[in-house]
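Please read all numbers here as calculations on a predicted model, not as lab measurements.
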Amino acid sequence: VIAAAKGGGADGDLLLYRSADNGASWASPVVINDVPASAREGLHALTATPAGLVVLSWLDLREKGTRIYTAVSRDHGVTWSADRLAYASPSGSVCECCHPSVAIDAGGSIAVMFRNTLNGNRDLYIARSSDGVSYRPAQKSGTGSWKLDACPMDGGGVVFRQADVVSVWRREDDVYLNTLGTPELRIGAGRDPAISLAGQHLDVAWNSPARIMLRREGGAPTLIGAGRFPAIAALARRTVVAWEQAGTVTVVTVQR
């Protein structure tokens, strides 16, 4: 949850609500960002493991320019680390309005993906950490670049597939799938992609342009409905996709 005194993207704090009884009751919220009003507009990402590792990443404005910060909990969100700087662009700012994405592998390593601003390009980069304290230099996802003097407001998604970091993102009018360190693969026209993994089931959804497309396990994209802004959950026997359309939320289950 994001909360702000001024609103309008001028300020904001990240509030974490925690339930220990499957949502029947909720503890009072905890403010995660250490510097008040440094998080903005709800541009953050949260993921967790069954073992209790929780990672939150966000666009931060505590200094001039926008940076990528993270915080980590190792007890299911009860207590939190200090904020950690994951990336500061040499240009002075990452892309200001594209949400970050975060993933955790089976060993607890963390990958944070964000849209950078470098040399006039708005490309996706991934910063990795083995401990949630320090981050290695960020690595560009894919080989192509998008020359753009604006924010596309499209952050993509990232997962770990065993040792590989796999991401999906938009460049210009197309959606690309990428395994970090290799060339990207165009999978269709569109924007607002989302990705999910269950075992070896790698599923991607996006809108193109006002239709929801689903690509599963390397197959051909299929149309599953009209709308925008999909969210996706890959499961062992089915895929669940939710999206917005005409002021409502639609949820569809597709069996494998």
Side-chain angles (χ1 to χ4, degrees), residues 1-5 7 11-60 69-84 99-113 132 155 157-160 192 194-199 201-205 212 214 216 224-225 227-256:
V1 176
I2 193 81
D11 66 335
D13 293 313
L14 291 167
L15 276 61
L16 182 116
Y17 289 80
R18 181 176 179 274
S19 173
D21 53 13
N22 294 320
S25 63
W26 293 84
S28 298
V30 176
V31 177
I32 303 300
N33 47 294
D34 294 337
V35 176
S38 64
R40 62 174 293 178
E41 292 189 72
L43 296 172
H44 58 273
L46 176 72
T47 194
T49 69
L53 176 59
V54 189
V55 180
L56 179 64
S57 177
W58 67 92
L59 302 190
D60 193 275
Y69 269 79
T70 64
V72 170
S73 170
R74 300 189 180 276
D75 53 12
H76 300 277
V78 177
T79 61
W80 286 82
S81 72
D83 298 350
R84 304 293 184 182
H99 69 80
S101 302
V102 61
I104 307 171
D105 76 358
S109 292
I110 300 164
V112 178
M113 185 173 76
V158 64
V159 295
F160 274 99
D192 301 314
I195 190 170
S196 185
L197 178 73
H201 302 302
L202 183 70
D203 299 342
V204 178
I212 303 299
L214 175 63
R216 300 198 296 178
I224 60 171
R228 296 188 62 190
F229 306 117
I232 187 170
L235 303 172
R237 297 184 179 180
R238 60 192 184 276
T239 305
V240 181
V241 185
W243 64 85
E244 299 179 21
Q245 170 67 4
T248 65
V249 174
T250 298
V251 181
V252 169
T253 297
V254 183
Q255 300 298 325
R256 295 200 185 278

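- Put simply, OG1 on T253 and CZ on R237 are 14.5 Å apart, with the number rounded to the nearest 0.5 Å.
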>> For a side-chain contact (heavy atoms from CB on, under 4.5 Å) check, start with the C-alpha distance between N33 and V31, then their side-chain angles and the critical distance, and finish with the verdict.
In response: CA-CA 6 Å; N33 47 294; V31 177; 3.8 Å; yes
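- Checking side-chain atoms of D34 against main-chain N and O of D83 turns up a donor-acceptor pair under 3.5 Å.
- The backbone N or O of V54 lies less than 3.5 Å from no partner atom in the side chain of S73, so there is not a single donor-acceptor pair.
- Judged as a side chain to side chain donor-acceptor pair (under 3.5 Å), the pairs with a partner in residues 47-60 (not counting sequence neighbours) are, in order, S38-D60, W58-D60, D60-R62.
- Atom CG of residue L56 and atom CD1 of residue I32 lie 6.0 Å apart, to the nearest 0.5 angstrom.
- W243 has its side chain within reach of V252: a pair of non-hydrogen atoms, C-beta onward, lies under 4.5 Å apart.
- Summarising the local packing, CZ of R256 is surrounded by more than 12 heavy atoms from other residues, nucleotides or ligands at distances under 6.0 Å.
- In this structure, CZ in R74 is found 5.5 Å from CG in L53, a value given to the nearest 0.5 Å.
- Atom CZ in R18 sits 7.0 Å away from atom CG in D75 (nearest 0.5 Å).
- At least one side-chain heavy atom of L15 sits less than 4.5 Å from a side-chain heavy atom of D13.
- Summarising the geometry of V159 relative to A103, their closest heavy-atom pair is CA-CB, 3.8 Å, with the distance given to 0.1 Å.
- In this structure, S101 and G157 approach most closely via the heavy-atom pair OG-CA, 3.5 Å.
- The two residues M113 and G155 come nearest to each other via the heavy atoms CE-O, 3.4 Å.
- Across every non-hydrogen atom of A234 and S196, the tightest pair is N-OG, 2.8 Å.
- Side-chain contact check for T70 versus V112: some heavy-atom pair is nearer than 4.5 Å.
- Contact annotation: the side chain of V204 never approaches that of I232 to less than 4.5 Å [non-hydrogen atoms, C-beta and beyond].
- Annotation: side chain of L14 is not in contact with side chain of L16 (no heavy-atom distance under 4.5 Å).
- For the residue pair V254 and R216, the shortest heavy atom distance occurs at O-NH1, 3.1 Å.
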> D192 and R228: side-chain contact (heavy atoms from CB on, under 4.5 Å), yes or no, with the steps?
Replying inline: CA-CA 8 Å; D192 301 314; R228 296 188 62 190; 3.7 Å; yes
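- Scanning both residues, V241 and A205, for their nearest heavy atoms gives CG1-CB, 4.2 Å.
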